There are 2 protein chains.
Amino acid sequence: MTGVTTAAAEPAEPQPGAPAEKPRRARGEQTRQLILETALRLFRERGYAETTMRAIAKEAGVAVGNAYYYFDSKEHLIQGFYDRNQTIHRAAAEQILAGEKDLAPRLRGVLHAGIDVNAPYHSFAATFFKTAAEPSSPLSPFSRESSPAREAAIAIFRDVVDGSTAKLDPELRKELPELLWLGWMGVILFWVYDKSPGQRRTRRLIDGAVPLIDRLVSLSRLRVLRPALRQVLALIETVRKDD
Amino acid sequence: MTGVTTAAAEPAEPQPGAPAEKPRRARGEQTRQLILETALRLFRERGYAETTMRAIAKEAGVAVGNAYYYFDSKEHLIQGFYDRNQTIHRAAAEQILAGEKDLAPRLRGVLHAGIDVNAPYHSFAATFFKTAAEPSSPLSPFSRESSPAREAAIAIFRDVVDGSTAKLDPELRKELPELLWLGWMGVILFWVYDKSPGQRRTRRLIDGAVPLIDRLVSLSRLRVLRPALRQVLALIETVRKDD
DNA sequence: CACACCACTTGAACATGTTCAACTAGCAGG
DNA sequence: CCTGCTAGTTGAACATGTTCAAGTGGTGTG
């Protein structure tokens, strides 16, 4: 498991751009982990809203204020969950990508793996999603704070594309990873709302959408579609400006 | 302005399916309106999070508990906002659709009108969106409670398609309104996250996406694309099953 | 070894959404 | 006009996320 590590796992060197973190000693790191793990366990057992900060503190054997020393808010505790699943998804994806060269099964495998990882937390993830949807929230997938996690996620889809034997328009190839990630966000959105048993509708969505994407990507080299493709790429370019 | 009325405007007859509401006398209705209007005004002036229930009650000259007699929670106050903008958008859309027969400008006009209606509430809408994103929330655009509002919104896009002179595949024509509504939800999502001045990136997105959709819809009648189109329609069908 | 600094810890206090038992008042029936 | 019913109203009490001033203890330095 190389390449992606959760930001909280080890006290990384302070990066130039990032806001200065206080130095942390061994004891502090231990307490931080204790609080985080206790919180995630309680979230899983009782749900997010039903878990009070007092309960977390009590269960972890610390004072309430101590939790706030390490985490800015209750929502920030979710970031741990976020990072952890990201890492597991990455590992599962590498497993799959190592043994498959065609675009469609590569993409399909990675998407299903992503759902697999999150499946045990479906009910909890819905609440999580609510807080993530707030644009100003640091947990938003589009926020600056989650930028590293986002980049890591996009990197998975870059692997999906680059490692495949599919022939496609070079311009499209450059944009495709980010587009696939966007699609993945859409799948997650669908999944969060999916109340069917075992979220099988989401599985069907993936199984149906992947061949479609595969076909569209192939068609992208067609002469009739070139103008449309250029138009799509131009739109992306235009919209992306002054972020 | 026919067809769409806000649910809260007049004390409608108790519908068979709906949960039994307490009978409400004139005085009660008046108080309810007073609280709702006061709340929406304060939301606009100070923002949602910054407006406390105590402030609403005080400003309206009632006790805190009284607000909870009429509204189950603070979030439920938002529904009024929701309904109101829906109605205004509908009216604006009818204005535009009356004078335009081509698909692209019809769609473009309706989308821009939707943004126009919501523009004054951009910062507030972000918070609103957060609560709407919770799948279990009655405010979610996909929830059963907001089903009437959703149907009304889709109806706008049905008008956009049906009233246009565009020639398109009959199967696609049937599905297009709902797809356009889904796209509209996407635009809203983009808009909520759009921090550019005046949300001009959203405007650009609309201006860029509309001709693209127009082109794709035209291309849908092309022979090479028929299989792809059928595939898309089949996917929609599959995913929609056991809702 | 003593001292000072600072990471770390505490728990009471605060702010705010929500609940609830008690009260009020206006209308219907006698 | 009295009486009772119930929609309507009240505000204190409660639950919970968050803050903060006051410690505490370990670590590096003279």
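Convention: sequence-line order gives letters A, B, ...; per-chain numbering from 1. Predicted, not measured: the structure shown is a model, and the values here were computed from it.
For B:S196 (side chain) and B:R201 (main-chain N/O), a donor-acceptor pair under 3.5 Å exists by modelled atom type. Judged purely by atom type and a 3.5 angstrom limit, B:H122 has no side-chain atom pairing as donor or acceptor with the backbone of B:G198. Between the side chain of A:R106 and the main chain of A:L97, a donor-acceptor pair closer than 3.5 Å is present.
Using bins of under 30°, 30° to 60° and over 60° for the plane-to-plane angle, the ring pair A:H89/A:W184 lands in the tilted bin.
In this model, the phosphate group of C:dC8 is approached by a side-chain N or O of A:Y69 to a distance below 4.0 Å at OP1 or OP2.
Here the straight-line distance linking atom CD1 of B:I56 with atom CD1 of B:I35 works out to 9.0 Å at 0.5 Å rounding.
When all heavy atoms of A:K74 and A:Y48 are compared, the pair lying nearest together is NZ-O, 3.0 Å. Nearest heavy-atom pair, A:A149 versus A:Y82, reported as atom, atom and distance to 0.1 Å: CB-CE2, 3.7 Å.
A:Y121 has its ring centre less than 6.0 Å from the ring centre of A:F81.
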Please list, for nucleotides 21-24 of chain D, all pairs of protein and nucleotide N/O atoms separated by less than 3.5 Å.
none

- For nucleotides 13-22 of chain C, read 5' to 3', which letter fits each nucleotide if B means a protein heavy atom sits under 4.0 Å from the base, S means only the sugar-phosphate is that close, and - means neither? B--BBBBB--

